[in-house]
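For reference, the structure discussed in these notes is given below.
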Amino acid sequence: MLKKVAVLLVLVPFIIVVMASDPDPINDFCIANSADNSFSCNNSSTATVEDFTFSGIKFPGNFKKTGFYSVAVNSNVFPGLNTLGVSFVRADFDVGGVNVPHFHPRATEVAFVLEGKIYSGFVDTKNKVFAKVLEKGEVMVFPRGLMHFQMNVGDGHATILGSFDSQNPGLVRIPNAVFGSEINEELLEKAFGLSSKELSRLKKRFSAS
């Protein structure tokens with residue numbers, strides 16, 4: 001009996017680690033039957049080269065309205081990515097445009113500045129800020145789950161290309177999550193030292209975005 005317990009104590013941590021990891025692909029690729037069931041694959045004989053190419057980020061998005069526009073390149077729009085554990089984003093900034101503080105709960109991001117000058121950084125769990133101005137051709141990494149941000153500090157349009165080590169990195173924009181959700185208003189007023197008028201203005205702004 002003691003021997004069995006000892007074996008279990010050795011195996012349990014290993015089992016937990018295995019269960020916590022994403023499985024490796026068991027096929028060359030998996031073009032999903034539907035967005036609701038990404039692990040149910042179509043017959044591979046029906047795949048075409050169009051499933052493995054994407055042209056939706058050839059040109060800038062409409063960033064003029066808000067100063068910032070991004071296009072996520074995931075398996076919903078690019079079927080060939082399904083089950084491969086990667087995804088992509090293109091972000092375009094007008095002069096002064098901001099990508100608000102946000103985080104990706106399921107992925108690390110590597111951002112490459114394709115054009116312009118971007119003030120870019122993240123904050124760790126000790127509230128230390130790691131930030132600098134990145135210029136064309138430079139790269140920055142944002143560790144998984146840590147809040148990060150970008151702002152165009154140049155005198156022209158700027159573009160970032162970002163890659164993720166997850167098919168579905170998730171996106172939580174801090175202002176929208178805090179002021180655009182149904183969190184109790186009294187709590188928010190006390191937490192941020194806001195008046196009801198100030199809070200109402202913030203809720204109106206971020207609920208609509």
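All values derive from a computational prediction rather than experimental measurement. Worth knowing before you read on, the calculation uses all heavy atoms, side chains too, and leaves out hydrogens, waters and symmetry mates.
Judged by distance alone, with hydrogens and angles left aside, the side-chain atoms of Ser207 form no donor-acceptor pair with the main-chain N or O of Lys204 at under 3.5 Å. For the pair Thr108 (side chain) and Arg144 (backbone), a donor-acceptor distance under 3.5 Å is present. At least one donor-acceptor pair closer than 3.5 Å links the side chain of Asp124 to the backbone N or O of Lys128.
Distance NZ/Lys132 to CD1/Ile118: 13.5 Å, rounded to 0.5 Å. The distance from atom OH of Tyr69 to atom CG of Asp92, rounded to the nearest 0.5 Å, is 9.5 Å. Separation of atoms CG (Leu171) and CZ (Phe103) is listed at 9.0 Å; rounding is to 0.5 Å. For the atom pair NZ of Lys136 and OG1 of Thr159, the computed distance is 10.0 Å after rounding to the nearest 0.5 Å. With rounding to the nearest 0.5 Å, the separation of CD in Glu182 from NZ in Lys203 is 6.0 Å.
Remark: aromatic rings of Phe93 and Tyr119 are distant, center separation not under 6.0 Å. Aromatic pair Phe52/Phe78: centroids not less than 6.0 angstrom apart.
Using a 4.5 Å heavy-atom cutoff, the side chains of Val77 and Phe54 are in contact. Counting only heavy atoms from C-beta outward, the side chains of Glu185 and Ser196 never approach each other to under 4.5 Å. Looking at Glu198 and Ser195, their side chains come closer than 4.5 Å, going by heavy atoms from C-beta outward. Between Leu146 and Pro143, the closest side-chain pair of non-hydrogen atoms falls below 4.5 Å. Taking the side chain as every heavy atom from C-beta outward, Asn74 and Phe164 never approach each other to under 4.5 Å.
In terms of heavy atoms, Val95 sits closest to Gly154 at CG1-O, 3.6 Å. The two residues Ile183 and Leu187 come nearest to each other via the heavy atoms CG2-CD2, 4.0 Å. Smallest separation of non-hydrogen atoms from Ser70 and Arg173: OG-NH2, 4.2 Å. When every heavy atom of Pro169 is checked against every heavy atom of Ala107, the shortest pair comes out as CB-CB, 3.4 Å. The heavy-atom pair separating Thr46 from Asn42 by the smallest distance is OG1-CB, 4.0 Å. What you find for Arg90 and Ile57 is that their closest heavy atoms are NH1-O, 2.8 Å.
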- Task: Could you go through the side-chain contact (heavy atoms from CB on, under 4.5 Å) check for Ile31 and Asn82 one step at a time?
- Result: CA-CA 6 Å; Ile31 307 303; Asn82 190 48; 6.0 Å; no
- Could you please spell out the steps behind the side-chain contact (heavy atoms from CB on, under 4.5 Å) verdict for Ile160 and Gln150? CA-CA 9 Å; Ile160 283 180; Gln150 293 112 8; 3.8 Å; yes
- Query: Taking it one step at a time, do Val129 and Phe149 satisfy side-chain contact (heavy atoms from CB on, under 4.5 Å)?
  - Reply: CA-CA 11 Å; Val129 178; Phe149 48 83; 4.1 Å; yes
- Task: Quick one: do Val71 and Val89 satisfy side-chain contact (heavy atoms from CB on, under 4.5 Å)? Show the steps, please.
- Result: CA-CA 6 Å; Val71 177; Val89 67; 5.8 Å; no
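Leu188 and Ile174 fall within a single hydrophobic cluster, where Ile, Leu, Val, Met, Phe, Trp and Tyr side chains are chained together by heavy-atom contacts under 4.5 Å. Residues Val110 and Met140 do not share a hydrophobic cluster, clusters being chains of Ile/Leu/Val/Met/Phe/Trp/Tyr side chains in contact below 4.5 Å. Phe63 is not connected to Val100 by any chain of hydrophobic side-chain contacts under 4.5 Å among Ile, Leu, Val, Met, Phe, Trp and Tyr, and they are in different clusters. Residues Phe29 and Val49 do not share a hydrophobic cluster, defined by chaining ILVMFWY side chains whose heavy atoms lie under 4.5 Å apart. Hydrophobic cluster membership is shared by Leu202 and Val178, with clusters built from Ile, Leu, Val, Met, Phe, Trp and Tyr side chains linked at under 4.5 angstrom.
Between the side chains of Asn168 and Ser166, no donor N or O sits under 3.5 Å from an acceptor N or O. For the residue pair Gln167 / Ser87, no side-chain donor-acceptor distance below 3.5 Å is found, with atom types taken as modelled. No side-chain donor-acceptor contact under 3.5 Å links His157 and Asp94. Side-chain contact annotation: Glu109 with His104, donor-acceptor N/O pair under 3.5 Å present.
Here ring pair (Phe, Tyr, Trp, His ring centres under 6.0 Å) pairs that include residues 125-144, with residues two or more places apart or in two chains, are Phe122-Phe130, Phe142-His148.
Residue Asp155 qualifies as open at atom CG: its count of foreign heavy atoms under 6.0 Å is 12 or below.
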